[in-house]
> 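Can you keep this structure in mind? I'll have questions shortly.
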Amino acid sequence: MKKMRLHIYIAMAVFLIMVIVGSFLDLQINQAIFSPNNGFGITVAALSMVVGYGILASMGGVFLYHGVKVTNVVWQKVLFILVSVVILVGTVVLCARKEFFGVNGWNIPNLVWLGYLLATPLMGACMFGGYVLAKKVNNPRLWILMAVAAIFLALALLLGTTAVKSIFNRPRYRIVVAEDAHYFYNWWERCTNSKDLIAKFGVTSEEFKSFPSGHASVAAVAMFGVILYPFVTGKEFKYQTLCFYAGLVFTLFVAFTRMLVGAHFLSDVGMGGLITVICLYAFYEVLIHNPKIYETPSLEEKEVVAE
């Protein structure tokens, strides 16, 4: 499990280089590749978040298993089941309303109902997968691991998709190009007059949430899932390194399509991925130095719990 540290460093370096290069060439890169209303890019945007939210939904399945099968105290059962329901509902709503048919997805408001038809079975299947995995592993401590993972995941997604965006209010390239680059801001510059620009152009506040990229941040959760798997199962994952880099390539692919449609700059997608990988690294270090979080309890510990 400790072998993954180097690969996490490499992923960090890749995203950091993207931020640095973007700091000098953001505008030029977008000018070269911008393809407005590109159907391929919009479709990738609508579907790319499924991986990240699917991992969250699978965590809900673990909590559900502990509520139904493992926990003996009634209030604990109720708590675990409620947590799993909240996770499922949350992931379905986010996919259906914000991603599939939101302003960055297919953007067809009257087809939100179709988003629910797509999101419900997808997230339900991921949740069921987490339930089956928890049953197979049969570790009464598994919910603790899921809780710790959820904290770091929530931190990554909160920073990458909400908190930092609200500080910088960076205009997206598709707004910049509409005004002949007059309103281009570097990532370290705050757009303090975003409300005035929103009123002037008649656009939503979503057009001033360029930095960092939420899609890149959530796509990078794929690497989070790869890191998490051996801790959940207690077994070495033969193809862990290969899958980790597959997750990195997937994130870079999503990042490119976000620039393609003018939703983000290179520094935006680089920072989005970097935020998630930093949180992933912190999570990894916590687990490595606290094996009791994920190890199966000894026979003596199980007897104490049973008493």
Side-chain angles (χ1 to χ4, degrees), residues 4-34 41 44-45 48-49 51-52 104 152-177 181 183-192 194 206-224 226-227 244-285:
M4 288 303 299
R5 189 179 281 113
L6 174 61
H7 304 303
I8 297 176
Y9 288 153
I10 291 173
M12 279 187 190
V14 169
F15 291 119
L16 181 58
I17 290 171
M18 291 168 67
V19 174
I20 294 172
V21 173
S23 298
F24 297 96
L25 299 173
D26 265 346
L27 189 56
Q28 293 87 335
I29 291 172
N30 275 72
Q31 286 173 336
I33 67 174
F34 181 49
V44 171
S48 60
M49 305 287 259
V51 175
N104 288 306
F152 283 93
L153 262 177
L155 177 62
L157 300 182
L158 178 64
L159 289 173
T161 65
T162 305
V164 182
K165 285 177 179 289
S166 64
I167 295 174
F168 289 88
N169 293 320
R170 189 185 194 186
R172 298 183 188 274
Y173 179 72
R174 58 197 180 205
I175 292 297
V176 172
V177 75
Y183 294 105
F184 171 73
Y185 286 76
N186 290 300
W187 68 263
W188 60 85
E189 299 174 316
R190 290 187 63 191
C191 180
T192 55
S194 58
E206 187 69 26
E207 296 305 313
F208 292 83
K209 294 181 179 179
S210 186
F211 181 84
S213 168
H215 279 73
S217 183
V218 176
V221 173
M223 291 180 279
F224 213 113
V226 173
I227 293 293
F244 179 83
Y245 283 104
L248 176 58
V249 171
F250 169 71
T251 306
L252 296 176
F253 172 68
V254 172
F256 170 76
T257 59
R258 298 303 287 150
M259 292 188 293
L260 181 69
V261 297
H264 291 288
F265 298 94
L266 181 63
S267 58
D268 300 337
V269 294
M271 184 59 73
L274 184 61
I275 287 172
T276 297
V277 174
I278 288 175
C279 292
L280 165 59
Y281 174 71
F283 170 67
Y284 179 80
E285 290 298 325

> Is there a side-chain contact between V44 and F253 (heavy atoms, below 4.5 Å)?
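Side chain of V44 against side chain of F253, heavy atoms only: contact under 4.5 Å found.
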
> Answer whether the closest heavy-atom distance between the side chains of T162 and L157 falls below 4.5 Å.
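No, too far: nothing below the 4.5 Å cut-off.
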
> Mind telling me whether F152 and F283 have parallel, tilted or perpendicular rings, with 30° and 60° as the class edges?
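The rings of F283 and F152 sit tilted, inter-plane angle from 30° to 60°.
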
> Can you see which heavy atom on G22 is nearest to which on L266, and at what distance?
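Of all heavy-atom pairs spanning G22 and L266, the closest is N-CD2, 3.8 Å.
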
> Kindly indicate whether the side chain of F244, heavy atoms from C-beta on, has any atom under 4.5 Å from the side chain of M4.
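In contact.
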
> Taking it one step at a time, do H264 and Y173 satisfy side chain to side chain donor-acceptor pair (under 3.5 Å)?
CA-CA 6 Å; H264 291 288; Y173 179 72; over 6 Å; no

> Assess the side chains of S267 and S23: does a donor N or O sit below 3.5 Å from an acceptor N or O?
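The criterion, which ignores hydrogens and geometry beyond distance, is not satisfied for S23 and S267.
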
> Would you sort out whether F34 and V261 count as a side-chain contact (heavy atoms from CB on, under 4.5 Å), showing the intermediate values?
CA-CA 6 Å; F34 181 49; V261 297; 5.7 Å; no

> Between F211 and W187, what is the ring plane arrangement, given parallel below 30°, perpendicular above 60°, and tilted in between?
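Ring orientation of F211 relative to W187: parallel.
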
> Looking only at non-hydrogen atoms, find the nearest pair between I167 and R190 and report the distance.
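Closest approach of I167 to R190, heavy atoms only: O-NE, 2.8 Å.
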
> Less than 6.0 angstrom separating the ring centers of F184 and F265, yes or no?
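Yes, they do, as the ring centres are separated by less than 6.0 Å.
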
> Between R170 and E189, does any side-chain N to carboxylate O distance fall below 4.0 Å?
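Answer for the salt bridge query: no.
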
